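Fair warning: this is a prediction, and the values are worked out from it, not measured in the lab. Sequential numbering from 1 along the given sequence is applied to the chain's residues.
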Amino acid sequence: MELLRGLSSLRAKIRPSVATIGAFDGVHLGHQTVISQLAEQGRKFDLPTTVVTFEPLPREYLAADSAPARLQSFRERFESLAALGVNRLLCLRFNETLRQMSAEEFAEGIFAKGLGVRALVLGDDFRFGHDREGGFSLMESIGEREGFDTLATETIEVDGARVSSTRLRKALADGDFSTARACLGRDYEISGRVVYGRQLGRQIGSPTANIALRRGSVPLSGVFAVTVEGAGLSNVPAIANVGVRPTVEEGLKPNLEVHILDGDHGLYGQRINVRFLHKFRDEERYESLEILKAKIHEDIEGARAWFALGTEDRKIS
């Protein structure tokens, strides 16, 4: 998938195309439906498919302190969309210039002139332009004037409720991996590069692979049963802690620590995918490192017991 960055990338060589737009945070079943319909339009017109998205996400720019937790880093979002067969990802930097752009200016500048769209596929909740003034009906009227089709994607429901990034965040925050899995069509994963930490885990007999979370906040926190992929590993059982490590480093940004249950694998500098299966407990603060050490070893034994159960006997959240 080709990555296009900024308005300056809107050149003649990328026109015409078919396109869609959105945050696509999580790339859940609703997003996947949009991409499927986009692919249909690509085949119909024999044109490349383009997804338009933003960095930072609009709500992160407008209200950084209260913005919802990121489901995916930009790289994870890119890889998820690429896996669905999208040809191009146009990433627009969301800034004051873009925020002040009217819906008409945005539609004409990005879609009609910039991408030369022949078809535009929109999710059911799409809003655009200054103060979110534009919606499907306005885009449809602009499309009629500019000569492109505007298509709406129907709401996707799971268990009688709409699939959305908001619902997915709540499921993850609640440790409800059954709902999260149903909304995603896959297990929830976090990927990243293993970095050097304080080596505290190794000192207390439970070495961990530390992954720096390159996002302001994450949608889940606590201790989890996970599996690890990448760096020569495949579906390897592990236990993970997501949080700020309040016993030793309260106040720092969230961190992901993974302890592989069997073997000491040299993972520094390598990228791994951590697949979340079950939540054991919330993150807690302990009065001493000795108490923390005992609790970690208790968690590890609990994880071993959980993975030792047959698939049907496991308590899958």
Any [X] side-chain heavy atom under 4.5 Å of [Y] side chain:
| X | Y | result |
| --- | --- | --- |
| F224 | L256 | no |
| D187 | T227 | no |
| L233 | I260 | yes |
| L98 | R93 | no |
| L57 | R77 | yes |

Considering residues, nucleotides and ligands other than R167, do more than 12 of their heavy atoms fall under 6.0 Å from its CZ? yes
Is the count of non-hydrogen atoms from other residues, nucleotides or ligands lying under 6.0 Å from K170 atom NZ greater than 12? no
Find the distance between [atom1] ([X]) and [atom2] ([Y]) and round it off to the nearest 0.5 Å.
| X | Y | atom1 | atom2 | value |
| --- | --- | --- | --- | --- |
| R193 | R271 | CZ | CZ | 6.0 Å |
| H297 | I300 | NE2 | CD1 | 6.0 Å |
| D176 | L220 | CG | CG | 12.5 Å |
| L277 | S178 | CG | OG | 12.5 Å |
| I110 | E105 | CD1 | CD | 10.5 Å |
| L292 | K295 | CG | NZ | 10.5 Å |

With [X], which residues qualify under salt bridge (Lys or Arg N to Asp or Glu O under 4.0 Å), at least two apart?
| X | value |
| --- | --- |
| E108 | R145 |
| R169 | D25 |
| R275 | E189, E229 |
| D282 | K279 |

Examine [X] and [Y] and state if one hydrophobic cluster contains both, with Ile, Leu, Val, Met, Phe, Trp and Tyr joined whenever side-chain heavy atoms are less than 4.5 Å apart.
| X | Y | answer |
| --- | --- | --- |
| F177 | I190 | yes |
| L71 | I211 | yes |
| L213 | Y268 | yes |
| V117 | M101 | yes |
| V34 | F111 | no |

For the residue pair [X] and [Y], what are the closest heavy atoms and their distance?
| X | Y | answer |
| --- | --- | --- |
| A103 | I142 | O-CD1, 4.4 Å |
| G109 | L10 | O-CD1, 4.2 Å |
| L172 | A180 | CD2-CB, 3.8 Å |
| C91 | F74 | SG-CE1, 3.7 Å |
| A69 | P219 | CB-N, 3.6 Å |
| R5 | S8 | O-OG, 4.0 Å |

Quick one: which residue pairs count as a ring pair (Phe, Tyr, Trp, His ring centres under 6.0 Å) with a foot in residues 78-105, not counting sequence neighbours? F54-F94, Y61-F94
Which pairs pass ring pair (Phe, Tyr, Trp, His ring centres under 6.0 Å) with one or both residues in residues 144-171, sequence neighbours excluded? none
So, [X] side chain and [Y] main chain: donor-acceptor pair closer than 3.5 Å or not?
| X | Y | result |
| --- | --- | --- |
| R118 | P16 | no |
| T50 | R88 | no |
| S17 | L115 | yes |
| S9 | G6 | yes |
| R186 | L184 | yes |
| R281 | G222 | no |

For Q100, what residues pass the side chain to side chain donor-acceptor pair (under 3.5 Å) criterion, not counting sequence neighbours? E96
Please list, chain by chain and in numerical order, all residues satisfying side chain to side chain donor-acceptor pair (under 3.5 Å) with N95, sequence neighbours excluded. none
List the residues meeting ring-ring contact (aromatic ring centres under 6.0 Å, His included) with H31, not counting sequence neighbours, and say none if there are none. F24, H28
Non-neighbouring partners of F126 that pass ring-ring contact (aromatic ring centres under 6.0 Å, His included), sequence neighbours left out: F128
I would like to know whether D174 and T179 meet side-chain contact (heavy atoms from CB on, under 4.5 Å); could you show each step before the answer? CA-CA 10 Å; D174 294 343; T179 296; over 6 Å; no
Step by step, work out the salt bridge (charged side-chain N to carboxylate O under 4.0 Å, His left out) result for E290 and K293. CA-CA 5 Å; E290 285 302 312; K293 177 180 177 180; 5.1 Å; no
Could I get the full list of side chain to side chain contact (heavy atoms under 4.5 Å, CB included) partners for S141, not counting sequence neighbours? L138
By side chain to side chain contact (heavy atoms under 4.5 Å, CB included), T33 pairs with (sequence neighbours left out) T153, I156
Fit a plane to each ring of F276 and Y188, take the angle between them on a 0 to 90° scale, and name the class: parallel (under 30°), tilted (30 to 60°) or perpendicular (over 60°). tilted
side-chain contact (heavy atoms from CB on, under 4.5 Å), paired with V51, selected from V121, L90, L89, V27: L89
Please test H259 against I239 for side-chain contact (heavy atoms from CB on, under 4.5 Å), starting from the C-alpha separation and ending with a verdict. CA-CA 5 Å; H259 173 76; I239 187 169; 3.8 Å; yes
Looking at R70 and E76, is any side-chain nitrogen of the basic one under 4.0 Å from a carboxylate oxygen of the acidic one? no
Apply side-chain contact (heavy atoms from CB on, under 4.5 Å) to residues D149 and K44 and explain how you reach the verdict. CA-CA 12 Å; D149 297 336; K44 174 182 176 181; 4.1 Å; yes
Passes side-chain contact (heavy atoms from CB on, under 4.5 Å), T97 versus L7? Steps please. CA-CA 11 Å; T97 298; L7 297 173; 5.5 Å; no
